[in-house]
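Reviewing the structure listed below.
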Amino acid sequence: MRLYTLLAAAKINLYLEIVGSRPDGFHELIMVMQSVSLCDRITVRSIGVDEIRVRCDHPLVPADETNLAYKAAALVMAQFPDAMAKLGGVEITIEKQIPVGAGLAGGSSNAAAVLVGLDLLWNLGLTRSELQDLGAELGSDVPFCVSGGTAIATGRGEQLDALPGIDSLHLVIAKYESEFVSTPWAYKTYRAEYGDTYVTNTQGWQERQAQVRSGEMVRAVARRDAIALGQHLCNDFEKIVLDAHPKTAALKATMADLGGLGTLMSGSGPSVFTLAESEAQANELAAKLRSALPDPDLGIWTAQFVPSGVQIAS
Ligand SMILES: C[C@](O)(CO)[C@H](O)COP(=O)(O)OP(=O)(O)OC[C@H]1O[C@@H](n2ccc(N)nc2=O)[C@H](O)[C@@H]1O
Ligand SMILES: Nc1ncnc2c1ncn2[C@@H]1O[C@H](COP(=O)(O)OP(=O)(O)OP(=O)(O)O)[C@@H](O)[C@H]1O
């Protein structure tokens, strides 16, 4: 087989707590992450020449070696040089649906799809955990994007414990096209404002983790209790991103009044989601949002929780 097409699912954070500073300069996190059906379509195709090519028609996505999908291919090639020697290079095509720089791990999901796709294309026989280890070298969200579904993520986001899936939940996602948040900026700003509240020792981190694992949010997910889940959404980044992005703060307030199960900014933002019990309710909330905020700069999507991060379409 010389070509694979994969669906790369976006992620939302149902819970995101920034616990402390790690020796490696990253932040220790406790998160509940969820894959959603809003996805990019990634094709990996064997080409005769020893090159990595990226094609993407989205103006904000680089089609060169800075693309995270390119970096994923380069990493696999470096680890398996014989594969490229035998089978040639790869052309990666990205059909972008996930809003860029939104806090939905668009780049991370593409990198995860390329890892899975090259494993198939070059018949490498990698396990999921080996793919996740490769993903961790590319970015903190990539390991989750490889496996997807519903999971507790700790460490810098690469330590994953699967939770029971709630595939019946739907959501509305919204983002102003003109608003962007840089993830490094968000962490740097959070550290500047809240660094003195950080838990400074690993024992404290373990205690915090145990509290969250036995806390309301994780219990609601384990019980598949959508009402309780919606009442315990939490994202520490809101404390700094919403102040810096008043339009997104107003968007969140409007979405919270629509009557869904709960509303939260995802990741480092600025996308905001509202949970819904059904596809019909998600469509109704999206229509209400559009009439409340007719601004053409506002992108609105509906999606649902899905059990996997990367799906093989063909
Ligand atoms: C905000 C989230 O999307 C939540 O899921 C992730 O934590 C971000 O994951 P990501 O974009 O894959 O982040 P990476 O590419 O690994 O790191 C980008 C930058 O974010 C900061 N960063 C990221 C993850 C983490 N646990 N602590 C950090 O401080 C670091 O400054 C890093 O240089
Ligand atoms: N394949 C890709 N898809 C989207 N953006 C990419 C990709 N490769 C590199 N980028 C760059 O990464 C930046 C962040 O884009 P991305 O959509 O991953 O943000 P994000 O969803 O906020 O990520 P995260 O939630 O992991 O912080 C963009 O400005 C873009 O230039």
Side-chain angles (χ1 to χ4, degrees), residues 8-36 38-42 54-74 92-115 135-146 148 151-160 173 175 177 179-192 194-195 198 205 234-238 240-241 264-271 273 309:
K11 64 84 182 158
I12 58 170
N13 303 77
L14 297 170
Y15 185 88
L16 192 162
E17 181 177 330
I18 301 172
V19 183
S21 253
R22 297 158 46 100
D24 62 8
F26 284 74
H27 280 83
E28 182 68 21
L29 305 173
I30 305 173
M31 304 190 285
V32 177
M33 298 178 83
Q34 174 66 50
S35 298
V36 296
L38 177 59
C39 60
D40 291 343
R41 201 174 172 83
I42 308 288
V54 173
R55 294 170 48 210
C56 181
D57 52 7
H58 192 291
L60 295 175
V61 178
D64 59 17
E65 69 285 353
T66 63
N67 190 301
L68 210 48
Y70 183 104
K71 291 179 179 175
I92 302 163
T93 305
I94 300 171
E95 293 168 56
K96 187 57 70 171
Q97 299 295 329
I98 301 172
V100 175
L104 299 171
S108 303
S109 73
N110 295 181
V114 167
L115 293 176
E137 294 184 47
L138 295 162
S140 307
D141 275 348
V142 180
F144 173 77
C145 291
V146 167
I152 295 179
T154 53
R156 60 187 173 92
E158 86 291 359
Q159 302 295 324
L160 301 170
I173 300 169
K175 173 193 179 287
E177 307 288 1
E179 298 246 307
F180 293 95
V181 174
S182 136
T183 302
W185 168 86
Y187 277 110
K188 192 160 144 276
T189 306
Y190 192 89
R191 190 196 299 269
Y194 297 97
Y198 285 177
W205 296 352
C234 163
N235 181 349
D236 278 348
F237 276 123
E238 289 191 334
I240 50 125
V241 173
L264 191 72
M265 184 181 80
S266 180
S268 49
S271 65
F273 65 85

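Quick note: numbers below take in every heavy atom, side chains included, and nothing from hydrogens, waters or symmetry partners. Atoms within a ligand are numbered from 1 in the order they appear, just like the ligands themselves. Residue numbers start at 1 and run along the sequence shown.
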What atoms of ligand 1 come closer than 4.0 angstrom to any heavy atom of [X]?
X	value
L29	7 (O), 26 (N)
M31	4 (C), 5 (O)
K11	3 (O), 4 (C), 5 (O)
T183	8 (C), 20 (O)

Any idea which protein heavy atom is nearest [atom], and the distance to it?
atom	answer
atom 10 (N) of ligand 2	P62 CD, 4.0 Å
atom 23 (C) of ligand 1	Y187 CE1, 3.4 Å
atom 25 (O) of ligand 2	A105 N, 3.1 Å
atom 2 (C) of ligand 1	D141 OD2, 3.6 Å
atom 17 (O) of ligand 1	F26 CE2, 3.8 Å
atom 27 (N) of ligand 1	H27 N, 2.8 Å
atom 18 (O) of ligand 2	G107 N, 2.8 Å
atom 16 (O) of ligand 1	S140 OG, 2.7 Å
atom 27 (O) of ligand 2	T183 OG1, 2.7 Å

TODO: Going by heavy-atom distance to atom 31 (O) of ligand 2, choose the closest among L60, N13, D141.
DONE: L60
Open item on the list: Considering P184, S266, G155, G139 one by one, which has a heavy atom nearer to atom 15 (O) of ligand 1 than any of the others?
Closed with: G139
Between the side chain of [X] and the main-chain N/O of [Y], is any donor-acceptor distance below 3.5 Å?
X	Y	value
T183	S268	no
R191	S21	no
Q97	D40	no
D57	E95	no
N13	M33	no
S266	G103	yes

Closest non-hydrogen atom pair between [X] and [Y], with its separation:
X	Y	result
E158	P143	CB-CG, 3.8 Å
A111	A72	O-CB, 3.6 Å
V100	F180	O-CE2, 3.3 Å
A9	S109	O-CB, 3.3 Å
D141	A105	OD2-CB, 3.8 Å

Between ligand 2 and [X], is the shortest N or O to N or O distance under 3.5 Å?
X	value
T66	no
L68	yes
V100	no
G101	yes
L104	yes

Nitrogen or oxygen atoms of [X] and ligand 1 under 3.5 Å apart:
X	result
S268	no
R191	no
N13	yes

Open item on the list: Is the positively charged end of K175 above the ring of F273, judged by distance under 6.0 angstrom from the centroid and angle within 45° of the axis?
Closed with: no
Open item on the list: Taking atom CZ as the centre, does R22 end up with more than 12 heavy-atom neighbours from other residues, nucleotides or ligands that are less than 6.0 angstrom away?
Closed with: yes
Please state which part of [X] comes within less than 4.0 Å of ligand 2, counting heavy atoms only: side chain, backbone, both or neither.
X	value
N110	side chain
S266	neither
K11	side chain

TODO: Mind running side-chain contact (heavy atoms from CB on, under 4.5 Å) on Y190 and Y198 for me, showing each step along the way?
DONE: CA-CA 10 Å; Y190 192 89; Y198 285 177; 3.4 Å; yes
For [atom], decide whether some protein heavy-atom distance is shorter than 4.0 Å.
atom	value
atom 29 (O) of ligand 1	yes
atom 8 (N) of ligand 2	yes
atom 2 (C) of ligand 2	yes

Quick one: does [X]'s side chain get under 4.5 Å of [Y]'s, heavy atoms only?
X	Y	result
T154	W205	no
L160	I152	no
N67	I94	yes
P99	L38	yes
I92	N110	no

Open item on the list: Quick check on M33 - does any of its heavy atoms sit under 4.0 Å from an atom of ligand 1?
Closed with: yes
Open item on the list: Yes or no: does R22 have any heavy atom under 4.0 Å from an atom of ligand 1?
Closed with: no
For ligand 2, which atoms sit closer than 4.0 Å to a heavy atom of [X]?
X	answer
S108	26 (O)
K96	2 (C), 3 (N), 4 (C)
G103	20 (P), 21 (O), 22 (O), 25 (O)

- [ ] Describe, in one word, how the ring planes of Y187 and F237 are oriented to each other, choosing from parallel (under 30°), tilted (30 to 60°) and perpendicular (over 60°).
- [x] perpendicular
Open item on the list: Please confirm whether G106 approaches ligand 2 to less than 4.0 Å, judged on its heavy atoms.
Closed with: yes
